[in-house]
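Below, all heavy atoms of this structure are taken into account, side chains as well, without hydrogens, waters or symmetry copies.
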Amino acid sequence: MNIAKKWVFATVLAGSVVGGAVGGSLLGSASGNAATGAATTTTSSSSNSAPGAAPSGRFVPNENAAHEQNESAAREAQEDAGQFPTVP
């Protein structure tokens, strides 16, 4: 192997090591921020929460007669158990 090929090989090897280190650090910090980003959200006490958001607080069932007519047995069972309904 002549001297030019040795230098090319050494340069490629060094570039691979440096590129791997930089890529690994960027990937590690990107996934670290994604995992901790959700923990920094704040909750508000307003009644207009985002759809699909997990409910918080104490569940109070709607026992209105008009509401009860349109309710499934599974939903009524969840309400009677004091759970937030997850079925329609």
Side-chain angles (χ1 to χ4, degrees):
M1 194 184 272
N2 66 20
I3 191 81
K5 286 183 182 180
K6 286 182 183 179
W7 279 105
V8 169
F9 178 73
T11 304
V12 170
L13 183 63
S16 296
V17 171
V18 171
V22 170
S25 68
L26 290 176
L27 182 61
S29 65
S31 64
N33 288 339
T36 59
T40 60
T41 60
T42 59
T43 58
S44 66
S45 61
S46 65
S47 63
N48 58 356
S49 61
S56 62
R58 184 174 170 268
F59 175 71
V60 179
N62 182 356
E63 297 297 332
N64 185 332
H67 170 78
E68 293 294 319
Q69 288 178 347
N70 301 326
E71 193 169 73
S72 68
R75 183 180 179 100
E76 180 62 25
Q78 286 181 331
E79 287 181 3
D80 290 342
Q83 300 172 346
F84 284 97
T86 58
V87 293

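Within the 4.5 Å cutoff, the side chain of Glu79 has heavy atoms near those of the Glu68 side chain.
Residues Asp80 and Glu63 share a closest heavy-atom pair of OD1-OE2, 4.5 Å.
Taking CD of Glu71 as the reference point, atom CD of Glu76 lies at 4.5 Å (rounded to 0.5 Å).
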